[in-house]
Amino acid sequence: MGEMRVAVVGAGGRMGKALVGAVAEASGMRLTGAVERPGSDALGKDAGDLAGVGKLDVTVTDDALPVFAATDAVLDFTAPKATLEFAELAAQARIVHVIGTTGWSEGEDEPLLAAARHARIVKSGNMSLGVNLLASLVRKAAAALDSDYDIEVLEMHHRHKVDAPSGTALLLGEAAAEGRGIDLAQHSVRVRDGITGERETGSIGFATLRGGGVIGEHTVILAGGGERIELTHRAEDRQLFARGAARAALWAFDQKPGFYTMADVLGLRD
Ligand SMILES: NC(=O)C1=CN([C@@H]2O[C@H](COP(=O)(O)OP(=O)(O)OC[C@H]3O[C@@H](n4cnc5c(N)ncnc54)[C@H](OP(=O)(O)O)[C@@H]3O)[C@@H](O)[C@H]2O)C=CC1
Ligand SMILES: O=C(O)C1=N[C@H](C(=O)O)C[C@H](O)C1
């Protein structure tokens with residue numbers, strides 16, 4: 001194979017710009033398309049200039065169809081509604097669709113399973129090696145410690161983040177639930193307010209902080225009688241996620257159509 005052709009959707013966003021930078025610096029791929037929504041200020045601009053990495057001769061467009069028809073992979077960190085639309089196009093074009101979008105409501109991402117019959121989808125709430133390794137550690141810790149150890153997931157992000165709990169917090173909560181052999185949806189406590197009553201044994205709690213420019217910080221706490229274990233990841237640069245997405249695209253190119261996660265890409269499935 002020659003260089004892989006890669007397009008970025010949401011190219012004017014925080015992650016979109018980081019993704020354009022990651023594709024530009026990666027070997028084995030080149031940027032061939034950049035998409036934003038109709039009305040965006042980014043339309044008509046050069047994607048490289050917009051990302052601060054110099055001209056790449058790729059103009060940002062709102063017409064996704066021809067972009068998808070002329071690319072091998074799409075990197076998509078946008079919003080759930082947009083990602084579902086892009087998934088249909090990626091399935092029609094039978095290409096790789098790397099999805100970092102978070103903020104999915106219960107069942108909303110199910111159409112992605114149908115799209116994965118034709119596309120190679122890699123979806124994860126966090127594309128970093130560190131968080132996916134952390135998820136393995138959380139699964140092990142939750143399996144090793146019984147429900148005398150209360151599990152809480154704490155996260156902090158920048159003031160612009162629109163969804164909570166973060167995709168990463170949910171991924172870590174899933175890992176804890178898997179370790180415990182329970183269903184997260186049945187045992188999660190996502191908000192506490194007022195007279196909540198005592199903590200229910202075996203529940204998995206979530207707490208959300210928002211402020212400033214924090215890229216992403218997550219701690220899983222296992223609190224027992226007389227001791228507390230805390231497993232923490234701190235992201236210091238968005239490029240971490242963008243490089244992970246580029247790596248996922250290269251990996252997925254050689255796979256059959258299907259639905260994959262970063263644990264598959266990184267060989268971390270236990
Ligand atoms: N999995 C991971 O590793 C990571 C995931 N994320 C997730 O990525 C997503 C984006 O985050 P972030 O970059 O900070 O957010 P931004 O709001 O900065 O970027 C999202 C971009 O997508 C654009 N967009 C929305 N709808 C469409 C559409 N229909 N067509 C084309 N473009 C569209 C937005 O345009 P406009 O602003 O004009 O609406 C915006 O430019 C979030 O869900 C976030 O949680 C973030 C970091 C890491
Ligand atoms: O919105 C963000 O910024 C991030 N979102 C992802 C999430 O919801 O977990 C990943 C990362 O923490 C940054």
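Counting starts at 1 for both ligands and their atoms, following the listed order. Counting begins at 1 with the first residue of the sequence.
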Quiz item: Can you name the residues that form a side-chain contact (heavy atoms from CB on, under 4.5 Å) with Ala141, not counting sequence neighbours?
Solution: Leu222, Leu231

Self-check item: Among His157, His158, Lys161, closest by any non-hydrogen atom to atom 3 (O) of ligand 2
Solution: His158

Exercise. Could you tell me whether a side-chain N or O of Glu108 sits under 3.5 Å from a main-chain N or O of Ser105, the two making a donor and an acceptor?
Key: yes

Exercise. Quick one: list whatever passes side chain to side chain donor-acceptor pair (under 3.5 Å) with Arg159, sequence neighbours left out.
Key: none

Self-check item: Residue Ser166 vicinity, atoms of ligand 2 by number, heavy atom under 4.0 Å
Solution: 7 (C), 8 (O), 9 (O)

Quiz prompt | Best match, Pro165, Gly125, Gly167: closest heavy atom to atom 10 (C) of ligand 2 | solution = Gly125

Quiz item: Do side-chain atoms of Glu3 reach the backbone of Gly28 as a donor and acceptor pair under 3.5 angstrom?
Solution: no

Exercise. With sequence neighbours left out, write down each residue that passes side chain to side chain donor-acceptor pair (under 3.5 Å) with Asn126, or none if nothing qualifies.
Key: Ser128, Thr168

Self-check item: Neighbour count above 12 (heavy atom, 6.0 Å) for Arg228 CZ
Solution: no

Quiz prompt | Any Phe68 side-chain heavy atom under 4.5 Å of Gln92 side chain | solution = no

Quiz item: Quick check, are the ring centers of His118 and His97 under 6.0 angstrom apart?
Solution: no

Quiz item: What's the spacing between Ile221 CD1 and Asp150 CG if we round to 0.5 Å?
Solution: 10.5 Å

Quiz item: Relative to the heavy atoms of Thr102, which atoms of ligand 2 are at a distance of less than 4.0 Å?
Solution: 7 (C), 8 (O)

Quiz item: Any idea which atoms of ligand 2 are less than 4.0 Å away from a heavy-atom of Ile215?
Solution: 3 (O), 13 (C)

Exercise. Say whether Arg14 and ligand 2 are in contact under the criterion: heavy-atom distance to a ligand atom below 4.0 Å.
Key: no

Quiz item: Will you find, in the side chains of Thr261 and Ser124, an N or O donor that is under 3.5 Å from an N or O acceptor?
Solution: no

Quiz item: Which atoms from ligand 2 have a heavy atom of His218 less than 4.0 Å away?
Solution: 12 (O)

Quiz item: In order of chain and number, which residues sit within 4.0 Å of ligand 1 by heavy atom?
Solution: Gly10, Gly12, Gly13, Arg14, Met15, Glu36, Arg37, Phe77, Thr78, Ala82, Phe86, Gly100, Thr101, Thr102, Ser124, Gly125, Asn126, Met127, Lys161, Asp163, Phe241

Exercise. Could you find the nearest protein heavy atom to atom 9 (O) of ligand 2 and give me its residue, atom name and distance?
Key: Thr168 OG1, 2.5 Å

